[in-house]
Undergrad: 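Please see the structure below; I have some questions.
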Amino acid sequence: DQRWELRIGFDEAYSDVSPGQLLSYENFKDAMARGAVAHNFLGGYEPSWQDDWGIELRPVTNLRRYPLSPRGLAALGIDT
């Protein structure tokens, strides 16, 4: 079983109380209680706070499919 954590925002005004770290801690605690064996921070690597958790980096690949339609081609153009 794995737990996936969406990227959270950061506001320098609240850095002294670290609400993001507290949310991650509670998420870890709940995941362990439910038997999770892995936890994944989604999004890019953020050493300023993810290093505190002793993480192991693993590559992630995103795959996008675009329908062959004007709207799909427009989305492909925007993404490239």
Side-chain angles (χ1 to χ4, degrees):
D1 187 24
Q2 294 189 36
R3 178 68 62 100
W4 300 83
E5 184 174 337
L6 296 176
R7 180 183 290 233
I8 56 177
F10 176 76
D11 187 335
E12 186 68 38
Y14 299 102
S15 64
D16 59 331
V17 293
S18 301
Q21 294 285 39
L22 294 173
L23 287 170
S24 291
Y25 171 77
E26 291 298 326
N27 197 9
F28 284 137
K29 192 166 77 170
D30 181 67
M32 288 176 18
R34 295 172 187 259
V37 296
H39 185 97
N40 297 286
F41 289 109
L42 299 176
Y45 173 57
E46 297 290 337
S48 59
W49 68 274
Q50 287 177 335
D51 282 350
D52 293 342
W53 298 105
I55 66 170
E56 171 188 336
L57 295 178
R58 288 184 273 158
V60 174
T61 302
N62 292 317
L63 175 65
R64 294 183 184 186
R65 294 175 47 172
Y66 301 91
L68 188 55
S69 68
R71 189 172 178 181
L73 293 174
L76 173 62
I78 290 169
D79 287 347
T80 55

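Numbering starts at 1 and runs along the sequence shown.
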Undergrad: So with a 6.0 Å cut-off around CG of Leu22, is the heavy-atom count from everything else above 12?
TA: yes
Undergrad: Share the residues that join Leu76 in a hydrophobic cluster, the rule being Ile, Leu, Val, Met, Phe, Trp or Tyr side chains under 4.5 Å apart at the heavy-atom level.
TA: Tyr66
Undergrad: Can you measure from NZ (Lys29) to OH (Tyr25) and round to the nearest 0.5 angstrom?
TA: 4.5 Å
Undergrad: If the test is side-chain contact (heavy atoms from CB on, under 4.5 Å), which one of Asn40, Asp30, Val37 qualifies with Arg3?
TA: Asp30
Undergrad: Rounded to the nearest 0.5 Å, what's the gap from CD on Glu5 to CG on Leu23? Could you check?
TA: 7.5 Å
